[in-house]
Amino acid sequence: MTPGKLDYQKKMMDISPFLRSQEQINTDLSHHKAYAKKLFFDDTKAIIYERLYAQAKNQPKLLDAAAQSFAQLNWYFFTGTDNLSAQQVEEFEQTTGFKALVKYGAVSANYAQTALQDNNMDDNSLTIEY
């Protein structure tokens with residue numbers, strides 16, 4: 001940040017070198033990126049289990065696939081990795097989980113399109129001049 005300008009860049013950091021020996025045995029800390037992704041997926045999947053349970057409770061595999069697809073969709077968007085190719089988007093939209101999300105009204109196809117191909121600006125850096 002400087003007078004009249006704010007620069008932001010997303011950075012990832014390996015915290016392993018900073019862990020004390022006692023902390024290194026905690027895999028949530030020593031493999032924090034994987035832990036954070038699992039936590040994000042678990043929390044996000046819970047949303048779909050809640051939304052679709054009444055409609056798909058007798059189809060647990062379909063419910064699991066829908067929850068997994070929703071978590072992946074949101075992971076792309078919230079991590080700034082939402083720049084999939086047209087072919088990758090088409091493949092994602094053909095998955096059983098995505099089709100269930102749309103069929104049962106958990107997401108619209110338009111939402112998915114913007115979450116998979118958000119190309120209006122760079123999600124990993126930003127400059128604001130004021």
Side-chain angles (χ1 to χ4, degrees):
M1 182 180 242
T2 59
K5 187 175 177 182
L6 169 74
D7 281 314
Y8 164 82
Q9 290 189 352
K10 180 176 89 172
K11 300 284 185 185
M12 298 294 284
M13 183 177 142
D14 178 11
I15 63 169
S16 299
F18 305 101
L19 299 176
R20 294 180 290 234
S21 57
Q22 184 179 358
E23 295 169 329
Q24 289 175 0
I25 58 173
N26 181 337
T27 57
D28 292 347
L29 293 174
S30 60
H31 301 288
H32 189 264
K33 187 176 177 181
Y35 167 73
K37 185 174 184 177
K38 181 187 179 318
L39 187 63
F40 179 88
F41 267 63
D42 289 349
D43 287 350
T44 307
K45 286 163 58 173
I47 294 167
I48 291 303
Y49 287 120
E50 183 178 323
R51 284 188 192 169
L52 298 184
Y53 181 75
Q55 297 159 299
K57 64 183 171 190
N58 296 328
Q59 302 174 70
K61 288 183 181 180
L62 183 65
L63 192 55
D64 289 343
Q68 183 68 26
S69 290
F70 187 70
Q72 186 64 55
L73 182 68
N74 282 290
W75 181 258
Y76 288 137
F77 184 75
F78 288 108
T79 60
T81 56
D82 49 359
N83 54 352
L84 278 66
S85 69
Q87 180 179 348
Q88 289 172 308
V89 171
E90 185 177 330
E91 289 171 2
F92 184 83
E93 289 176 344
Q94 294 305 312
T95 64
T96 301
F98 177 77
K99 287 179 180 180
L101 289 172
V102 174
K103 176 182 177 181
Y104 293 114
V107 299
S108 72
N110 290 338
Y111 171 78
Q113 190 70 31
T114 59
L116 296 172
Q117 287 186 316
D118 177 28
N119 298 320
N120 62 340
M121 65 187 306
D122 184 358
D123 294 328
N124 298 305
S125 65
L126 175 69
T127 300
I128 300 174
E129 294 185 29
Y130 52 93

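Shown here for L84 and Q117, the closest heavy-atom pair between the two residues is O-NE2, 2.9 Å. Y76 and A115 make their closest contact through CB-O, 4.0 Å (heavy atoms, listed as atom of the first residue, atom of the second, distance). When every heavy atom of P17 is checked against every heavy atom of D14, the shortest pair comes out as CD-O, 3.4 Å.
Here CG of L116 is found 12.5 Å from CD of E90. Values are rounded to the nearest 0.5 Å. Atom-to-atom distance recorded for L63:CG and K61:NZ is 13.5 Å, nearest 0.5 angstrom. Q68 CD to T96 OG1: the interatomic distance, rounded to the nearest 0.5 Å, is 12.5 Å. Interatomic distance, CD of Q72 versus NZ of K37, reported as 5.5 Å (0.5 Å rounding). The CD atom of Q24 lies 10.5 Å from the CD1 atom of I15; values are rounded to the nearest 0.5 Å. Taking CD1 from I48 and CG from D64, the interatomic distance works out to 12.0 Å, rounded to the nearest 0.5 Å.
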Quiz item: Where do Q87 and E91 land on the side-chain hydrogen bond (donor to acceptor under 3.5 Å, both in side chains) test, with the steps shown first?
Solution: CA-CA 6 Å; Q87 180 179 348; E91 289 171 2; 3.0 Å; yes

Practice problem: Go through L52 and Q55 one step at a time and tell me if the side chain to side chain contact (heavy atoms under 4.5 Å, CB included) criterion holds. | Solution: CA-CA 5 Å; L52 298 184; Q55 297 159 299; 3.4 Å; yes

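Note on V107: it does not cluster hydrophobically with F40, by side-chain heavy-atom contacts below 4.5 Å among ILVMFWY residues. A continuous path of hydrophobic side-chain contacts links Y104 to L73 [ILVMFWY only; heavy atoms under 4.5 Å]. When the side chains of ILVMFWY residues are joined at heavy-atom separations under 4.5 Å, either directly or via intervening members, Y111 and V89 end up in a single hydrophobic cluster. W75 and L101 fall into different hydrophobic clusters, where Ile, Leu, Val, Met, Phe, Trp and Tyr residues are linked whenever their side-chain heavy atoms come under 4.5 Å apart, directly or through other members. Placement of I47 and F77 in two distinct hydrophobic clusters is found when ILVMFWY residues are connected by side-chain heavy-atom separations under 4.5 Å, directly or transitively.
Shown here is Y35, whose OH atom has no more than 12 heavy atoms of other residues, nucleotides or ligands within 6.0 Å. With a 6.0 Å radius and a threshold of 12 heavy atoms from other residues, nucleotides or ligands, Q59 has its CD atom above the threshold.
Between the side chain of S69 and the backbone N or O of A66, no donor-acceptor pair lies under 3.5 Å. Looking only at distances, no side-chain donor or acceptor of E129 sits under 3.5 Å from a matching main-chain atom of K5. Judged by distance alone, the side chain of T44 and the main-chain N or O of F41 form no donor-acceptor pair under 3.5 Å.
For the 3.5 Å distance criterion, the side chains of S108 and N110 fail to qualify, holding no donor opposite an acceptor.
For residues 50-70, no pair satisfies ring-ring contact (aromatic ring centres under 6.0 Å, His included), with sequence neighbours left out.
With sequence neighbours excluded, no residue forms a side chain to side chain donor-acceptor pair (under 3.5 Å) with E93. For the side chain to side chain contact (heavy atoms under 4.5 Å, CB included) test, residues two or more places apart in sequence or in another chain that qualify with S30 are L19, T27.
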